[in-house]
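Each remark here refers to the structure printed beneath this line.
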Amino acid sequence: MVDCSEKLKALRAASGLKQEQVAKRIGVSKAMVSAYETASKAPSVEMFVRLAQLFGVSVDYLVRVDEPKLLEVSGLDDESMVLISALIQKLRRLEE
C-alpha cells in the first residue's frame, strides 16, 4: 500500500527538489517536510492543497491510500506463472 508520506517523497524525488526547496515553496520548515515524508506528522488541509499545487496532483491523489493491484492468473499453466513471476521480480528490481 502506498500512503501519503511515500507519495510525497516520490513526488519530491521525481521533481528533483530537496526537502528545503519544498519547505520554502509551501511555507514550512525542512523538518516539517521530513515529518510529512516519514509519516510522523500529517499535513493540514491547507498544506495538502499547497503540496498538490506544487506537484501538479490532486489532493485526492495525496490522501487516498492505494490498494494493491492484483493480477489474474487463473487458467495459466505452472510454466507461464513462473515466467510471469520472474518478469515481475525483474521489473521490481529495475524500479529500485
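Counting begins at 1 with the first residue of the sequence. Here the structure is a predicted model, which is why all the values come from computation and not from measurement.
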Please list, chain by chain and in numerical order, all residues satisfying side chain to side chain donor-acceptor pair (under 3.5 Å) with [X], sequence neighbours excluded.
| X | result |
| --- | --- |
| Q89 | none |
| T38 | S40 |
| S58 | none |
| S74 | E72 |

Donor-acceptor pair, side chain of K41 and main chain of M32, under 3.5 angstrom: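 No, K41 side chain to M32 backbone: no donor-acceptor pair under 3.5 Å.
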How would you list, by chain and number, every residue that makes a side-chain contact (heavy atoms from CB on, under 4.5 Å) with [X], sequence neighbours excluded?
| X | result |
| --- | --- |
| L91 | L87, L94 |
| V59 | F48, V49, A52, V63 |
| V73 | L71, L76, M81 |

Side chains of L62 and Y36 in contact at under 4.5 Å (non-hydrogen atoms):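 The answer is no; the side chains never approach within 4.5 Å.
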- request: May I have all residue pairs that pass salt bridge (charged side-chain N to carboxylate O under 4.0 Å, His left out) and include part of residues 42-58, sequence neighbours excluded?
  value: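 Checked against salt bridge (charged side-chain N to carboxylate O under 4.0 Å, His left out) - neighbours excluded - the pairs reaching residues 42-58 are E46-R50.
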query: What residue pairs, at least two apart or across chains, pass salt bridge (charged side-chain N to carboxylate O under 4.0 Å, His left out) with a residue in residues 11-28?
result: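 Listed by first then second residue: R12-E37.
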message: For V28 versus M47, what's the shortest heavy-atom pair and its separation?
response: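 For V28 and M47, the tightest heavy-atom pair comes out as CG1-SD, 3.5 Å.
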message: Test of understanding: with salt bridge (Lys or Arg N to Asp or Glu O under 4.0 Å), list the residues that count as partners of D77, not counting sequence neighbours.
response: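 With sequence neighbours excluded, D77 shows a salt bridge (Lys or Arg N to Asp or Glu O under 4.0 Å) to no residue whatsoever.
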- prompt: Which residues pass the salt bridge (Lys or Arg N to Asp or Glu O under 4.0 Å) test with E79, sequence neighbours left out?
  reply: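 E79 satisfies salt bridge (Lys or Arg N to Asp or Glu O under 4.0 Å) with no residue once adjacent residues are dropped.
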- prompt: Atom CG of L17 and atom CG of L54: how far apart are they, to the nearest 0.5 Å?
  reply: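 Rounded to the nearest 0.5 Å, the CG-CG separation comes to 6.0 Å.
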message: Heavy-atom count check: over 12 atoms from other residues, nucleotides or ligands less than 6.0 Å from D78 CG?
response: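 No - once you tally the heavy atoms of other residues, nucleotides and ligands closer than 6.0 Å, there are 12 at most.
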- prompt: V22 and L8: side chain to side chain contact (heavy atoms under 4.5 Å, CB included), yes or no, with the steps?
  reply: CA-CA 10 Å; V22 172; L8 288 173; over 6 Å; no
